Amino acid sequence: MKKHNFSAGPCILPQEVLKKAADAVLNFNNLNLSLIEISHRSKDFVDVMENARSLVKELLNLPEGYSVLFLQGGASLEFLMTPYNLLKVNGKAGYMNTGTWSTAAIKEAKMMGEINVFASSEDKGFNYIPKNYTVPTDVDYIHCTSNNTIYGTQLKTFPKTDSLLVCDMSSDIFSRQLDFTQFDLIYAGAQKNMGPAGTTLVVVKDEILGKTGRTIPSMLDYQVHIKKDSMYNTPAVFPVYVSMLTLQWLKDLGGISAIEKINEEKAALLYAEIDRNPHFVGYAAKEDRSLMNVTFNLTNESDKEAFDKIWNEAGISGIKGHRSVGGYRASMYNALPLESVKVLIKAMQQLEK
Ligand SMILES: *Cc1c(COP(=O)(O)O)cnc(C)c1O
């Protein structure tokens with residue numbers, strides 16, 4: 001039987017998507033060829049790329065004027081591509097620091113210009129989202145991270161700014177309804193909520209590009225990738241295909257509004273147990289809790305051996321906390337069934353007994 005997979009990333013994908021992907025690796029579109037041994041310029045694959053890009057636009061409800069790209073290099077390369085493409089020569093950018101990934105984004109951006117970290121929750125181990133900050137106005141763009149995968153916090157509202165707004169949505173894209181037009185650039189590594197590792201989704205408003213006054217190397221230039229319909233060089237064919245299948249699965253399910261209800265139900269159940277069960281304590285501030293990554297600790301470390309045995313025997317996998325936080329982290333991405341959450345809750349109740 002398949003395990004209850006709470007892995008933070010790469011993470012669980014819908015079982016039917018994995019089956020279709022496995023079939024395509026052996027025989028794609030009845031071509032009697034594998035998906036991964038045909039030209040990316042063949043009509044069959046160009047259709048995959050086009051379908052994946054249009055599903056993103058449809059699910060995010062994007063108007064004209066946005067481009068969708070499937071790039072490589074992970075979200076981590078976007079930490080650098082963002083300033084390359086948006087930070088003017090001698091320009092400034094404002095960053096919100098809400099965790100390890102924001103910190104990494106800030107480090108890369110600092111190589112390109114002056115960075116103003118206008119809000120940070122580092123003082124309390126990133127267990128909350130800063131609230132009463134002043135958004136700088138003398139900047140080319142503002143950068144935030146919508147969901148902090150490691151600490152289990154999530155932005156419920158986004159900085160209000162007249163500058164461009166950039167968001168790293170790696171770990172909660174397609175999980176909740178937002179007005180996606182408030183963002184000028186969104187990026188997300190596929191492996192948290194969309195597909196296998198190896199491709200990164202970038203959604204960018206066309207009109208913001210080409211204004212920095214700097215020369216951008218081709219592979220780092222969004223305009224180069226847009227002009228070539230995300231096929232400037234060989235794309236990550238398998239990750240793009242599996243992402244397309246996952247996006248189609250989400251659309252068939254009823255889109256983001258449908259999955260959001262399920263995600264809220266899963267999170268409500270698990271947080272209720274954490275708050276009720278005296279053996280556990282949540283890590284993140286209650287009002288900032290993530291629907292995707294639920295972080296919690298044992299009240300008494302001496303229960304560790306017993307609890308680890310219980311959840312292992314229940315067929316649970318991937319709930320060990322990140323090495324920088326410790327404790328436990330249950331990641332409940334779109335494809336995680338409600339049933340798996342119930343099994344985890346039962347394991348927590350078994351410890352209590
Ligand atoms: C995992 C993660 C990253 C890093 O993604 P890579 O694809 O491994 O580079 C960046 N930001 C967030 C929010 C993440 O969860």
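The figures here come from the full heavy-atom set of this structure, side chains too, leaving out hydrogens, waters and symmetry mates. Note that ligands are numbered from 1 as they come in the structure, with each ligand's atoms numbered from 1 the same way. Bear in mind the structure is a predicted one, so any value in this text is a computation, not a measurement.
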Next item on the list: Flag the pair Glu16 and Lys19 as a salt bridge only when some basic side-chain nitrogen lies within less than 4.0 angstrom of an acidic carboxylate oxygen.
Entry: no

Notebook entry, point to check: Would you say the side-chain atoms of Ser67 and Asp206 include a donor-acceptor pair closer than 3.5 Å?
Noted result: yes

Notebook entry, point to check: Is Glu265 paired with Lys261 through a side-chain N to carboxylate O contact shorter than 4.0 Å?
Noted result: no

Checklist line | Audit row: Ser331, Asn293, side chain to side chain donor-acceptor pair (under 3.5 Å) steps and yes/no | finding: CA-CA 4 Å; Ser331 297; Asn293 311 96; 2.9 Å; yes

Checklist line | side chain to side chain contact (heavy atoms under 4.5 Å, CB included) against Asp140, all qualifying residues, sequence neighbours excluded | finding: Leu87, Lys88

Checklist line | Ionic contact status for Asp221 with Lys227, cut-off 4.0 Å | finding: no

Next item on the list: Using a strict cut-off of under 4.0 Å between a residue heavy atom and any atom of ligand 1, list the qualifying protein residues by chain and number.
Entry: Gly74, Ala75, Ser76, Phe79, Trp101, Thr145, Asn147, Thr149, Asp168, Ser170, Ser171, Gln191, Lys192

